[in-house]
Asks: 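Below are the structure tokens for one structure; questions will follow.
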Amino acid sequence: MTVESTLPAPAPGTDQEQPPLAPGGVPLLGHAWNLLRDPLGFLPRLRDGGDIVRLRLGPKTAYAVCDPELLATLLKSPDFIVGGPLWDTMGVLLGKGVATSNGPLHRRQRRAIQPAFRMDKIHEYATVMEEEARAMAARWSDGQTVDIAAEVFRTATRIVARSVLQVESADERADRLSAALHTVFEGLYRRMILSFGPLYRLPSPANRRFGSALADLHRLVDEIVAERRASGSNPDDLLATLLDDRDENGETVNEQEVHDQVVSLVVAGAENVAKTLTWVFQLLAEHPEEERRLHTEVVSVTDGRPVAFGDVKELAYMRNLLTESMRIRPAVWILTRLAAVDTTLGGYRIPAGSDIVYSPLAMQRDPRAFTDHLAFDPDRWLPERAADVTPAAHAPFSVGNRKCPGDHFSMAELAVILGTVVSRWRLVPTPETDGSARIGITLQPRRALLRVEARD
């Protein structure tokens, strides 16, 4: 039995066999050189070649989608599944958890974790969010220079470990997870662009660091699962749900699937939230007027008491500022899909098995979708202005059946941490601060060393 495309074929005489080839390739490496040397400049320029262009990544051909509406079509079509260079590379980290699986397996895994992110459960997690945010802010002293990336990563890791998974020994494990994920994510991007397997088996220092960090990360997750099994406890949390999950035959899922699900949740809950917060604090340090506006709003809502989860719905300017931060400085900046069948997209034929590349960063900085597209402007998300934004141009939590199930959890966490810090501290750049982007699977400032100044 064959699966046919759900997208209409082009009208006779109107289709083109292949999209245009993007300019700038070099012998042997093709466009991989551009993606290694200057990806943040290269990807937005692709739109000049058309809504879809071809890329040569070494010996392989990939298709880059450059139009927001076309991307929305792709993300909602079953013709395209999670796969391609990014997810092939991420497989060594995520295995077959909910982030990388497809079809019936993905649907079952998503059903298993979705109840853990209902709004009533997020209310239960709020105490942990508040405690961890206040603990981080309390560690600092007036005039101290802090590595904000390390600080928020540790806090985000502790929040997901303590709330969703109810992990004991969160202090020590958060530090180990932070160190391991930092090393792993640095190595994954190069492996995605240059898929030369034998190269990464050489005993080079970089490969040894990557292998050691990856092994430690998986070992940590095994410890978390084993600790829960040995405890004999059965709290009403996500880890308990995963341990009791059943497959399509009614059998308890195997240990590897539980492991992969936990890895997926830790990575999403720690890495993406931490990178987003790092950019938010960097942007506020660069835009003191916006920082003052945010502080004024937080003080007016809380009247000087510590920020609580219940305040989040009243912080309208904060929501706009977070949305704008995720637009102009997204943590997730490059993603891929795989054509599951022979299909079409934008009037071009896409063969089954083709890799599809797209960049949320390029979409979210498209001048066709956003006025003053390179300006940091939280007010662009005021209702009267946001109505003019093409929805497909900015979907930080994706769309369709791949929409992040933890989107409300993440937004609540971002708001609680940000509000807690801003109410107590002003963060300003130091001579060591470098707000340029460090390229990896995710993006963060190259050196987010900020000085904290106590509020009067």
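A quick note: this is a predicted structure, and the numbers were derived from the prediction, not measured.
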Asks: Hey, is Glu286 close enough to Arg329 for a salt bridge, meaning N to O under 4.0 Å?
Replies: no

Asks: Is there a donor-acceptor pair under 3.5 Å between the side chain of Arg426 and the backbone N or O of Glu453?
Replies: no

Asks: Could you please spell out the steps behind the side-chain contact (heavy atoms from CB on, under 4.5 Å) verdict for Arg45 and Asp38?
Replies: CA-CA 11 Å; Arg45 290 197 300 270; Asp38 181 28; 4.0 Å; yes

Asks: Arg47 and Cys66: which non-hydrogen atoms are nearest, and at how many Å?
Replies: CA-CB, 3.8 Å

Asks: I'd like to know if the side chain of Arg56 and the backbone of Pro27 have a donor-acceptor N/O pair within less than 3.5 Å.
Replies: no

Asks: Give a yes or no answer on whether the side chain of Arg54 reaches the backbone of Pro19 with a donor-acceptor pair at less than 3.5 Å.
Replies: yes

Asks: Counting only heavy atoms not in Lys96, do more than 12 fall under 6.0 Å of its NZ?
Replies: no

Asks: Where do Ser398 and Arg337 come nearest, in terms of heavy atoms and distance?
Replies: OG-NH2, 4.5 Å

Asks: If the threshold is 4.0 Å, N to carboxylate O, is there a salt bridge linking Glu297 and Arg293?
Replies: no

Asks: Does the side chain of Glu324 pick up a donor-acceptor pair with the side chain of Asn320 at under 3.5 Å?
Replies: no

Asks: Just one of Val98, Asn102, Leu75 clears the side-chain contact (heavy atoms from CB on, under 4.5 Å) bar with Arg402, so which one?
Replies: Asn102

Asks: Is it the case that the side chain of Thr336 and the backbone of Gly83 share a donor-acceptor pair, with hydrogens and angles ignored and the cut-off at 3.5 Å?
Replies: yes

Asks: Determine whether a donor-acceptor pair (N or O, by modelled atom type, separation under 3.5 Å) exists between the side chain of Thr430 and the backbone of Glu432.
Replies: yes

Asks: Among all residues two or more places apart in sequence or in another chain, which pass the ring pair (Phe, Tyr, Trp, His ring centres under 6.0 Å) test with Tyr317?
Replies: none

Asks: Kindly give the heavy-atom pair with the smallest separation between Ala331 and Asn272, and that separation in Å.
Replies: CB-O, 4.1 Å

Asks: Given 3.5 Å as the limit, does a donor-acceptor pair link the side chain of Glu291 with the main chain of Ala285, or not?
Replies: no

Asks: Quick check: does any side chain N or O of Ser163 sit under 3.5 Å from a backbone N or O of Ile159, one acting as donor and the other as acceptor?
Replies: yes

Asks: Decide yes or no for Asp311 and Val298: does some side-chain heavy atom of the first lie under 4.5 Å from some side-chain heavy atom of the second?
Replies: no

Asks: Is there a side-chain contact (heavy atoms from CB on, under 4.5 Å) between Leu361 and Leu443? Walk through the geometry before answering.
Replies: CA-CA 10 Å; Leu361 179 141; Leu443 293 180; 3.9 Å; yes

Asks: If you compare all heavy atoms of Leu188 against all heavy atoms of Thr89, which two are closest, and at what distance to 0.1 Å?
Replies: O-CG2, 3.3 Å

Asks: Where do Gly435 and Pro445 come nearest, in terms of heavy atoms and distance?
Replies: CA-CB, 4.3 Å

Asks: Hey, which of Ile328, Leu321, Leu322, Thr323 is the one that makes side-chain contact (heavy atoms from CB on, under 4.5 Å) with Ser325?
Replies: Leu321

Asks: So does Arg208 get a backbone contact from the side chain of Ser212, meaning a donor-acceptor N/O pair under 3.5 Å?
Replies: no

Asks: Give a yes or no on whether the backbone of Gly103 and the side-chain of Arg108 come within a donor-acceptor separation of less than 3.5 Å.
Replies: no

Asks: Quick one: are Trp381 and Val389 in side-chain contact, heavy atoms under 4.5 Å?
Replies: yes

Asks: Got Tyr358 and Leu43 here, is their nearest side-chain heavy-atom distance under 4.5 Å?
Replies: no

Asks: Are Pro20 and Tyr348 close enough that some pair of their side-chain heavy atoms sits under 4.5 Å apart?
Replies: yes

Asks: For Arg385, which of Asp379, Thr371, Asp377 qualifies under side-chain hydrogen bond (donor to acceptor under 3.5 Å, both in side chains)?
Replies: Asp377

Asks: Is the closest side-chain heavy-atom distance between Leu242 and Leu265 below 4.5 Å?
Replies: yes

Asks: Report the C-alpha separation of Trp87 and Leu335 in whole Å, then their side-chain angles, then the decisive distance to 0.1 Å, and conclude whether the side-chain contact (heavy atoms from CB on, under 4.5 Å) test is met.
Replies: CA-CA 8 Å; Trp87 299 109; Leu335 290 166; 4.0 Å; yes

Asks: Quick one, Ser101 with Gln109, criterion side-chain hydrogen bond (donor to acceptor under 3.5 Å, both in side chains). Give me CA distance, side-chain angles, the key distance, then yes/no.
Replies: CA-CA 9 Å; Ser101 61; Gln109 290 177 332; 2.7 Å; yes

Asks: With rounding to the nearest 0.5 angstrom, report the NE2 to CD distance, His287 to Gln282.
Replies: 10.0 Å

Asks: Going from CE on Met90 to OG1 on Thr100, what distance comes out if it is rounded to the nearest 0.5 angstrom?
Replies: 9.0 Å

Asks: Does CG belonging to Asp48 count more than 12 external heavy atoms closer than 6.0 Å?
Replies: yes

Asks: Within 45° of the ring axis of Phe370 and under 6.0 Å from its six-membered ring centre, is that where the NZ or CZ of Arg380 lies?
Replies: no

Asks: Could you go through Tyr63 and Val357, starting from their C-alpha distance and side-chain angles, then the distance that decides it, and tell me whether this counts as side-chain contact (heavy atoms from CB on, under 4.5 Å)?
Replies: CA-CA 6 Å; Tyr63 299 86; Val357 177; over 6 Å; no

Asks: Go through Glu271 and Thr442 one step at a time and tell me if the side-chain hydrogen bond (donor to acceptor under 3.5 Å, both in side chains) criterion holds.
Replies: CA-CA 8 Å; Glu271 177 71 12; Thr442 53; 2.6 Å; yes

Asks: Checking Arg455 side chain against Val422 main chain: does a donor-acceptor pair fall under 3.5 Å?
Replies: yes

Asks: Would you give the length of the straight line joining atom CE of Met129 to atom CD of Glu413, rounded to the nearest 0.5 angstrom?
Replies: 5.5 Å

Asks: Hey, can you tell me if Phe117 and Phe409 have their rings parallel, tilted or perpendicular (30° and 60° cut-offs)?
Replies: perpendicular

Asks: Could you please spell out the steps behind the side-chain hydrogen bond (donor to acceptor under 3.5 Å, both in side chains) verdict for Thr433 and Arg447?
Replies: CA-CA 5 Å; Thr433 303; Arg447 195 175 298 111; over 6 Å; no

Asks: Out of curiosity, Ile52 CD1 to Leu70 CG, how far, rounded to the nearest 0.5 Å?
Replies: 4.5 Å

Asks: Does a side-chain heavy-atom distance below 4.5 Å link Pro68 with Asp366?
Replies: yes

Asks: Sequence neighbours left out, what passes side chain to side chain donor-acceptor pair (under 3.5 Å) with Asn34? Give chain and number order.
Replies: none

Asks: Counting neighbours of NE2 on His408 that are heavy atoms of other residues, nucleotides or ligands and sit closer than 6.0 Å, is the number greater than 12?
Replies: no

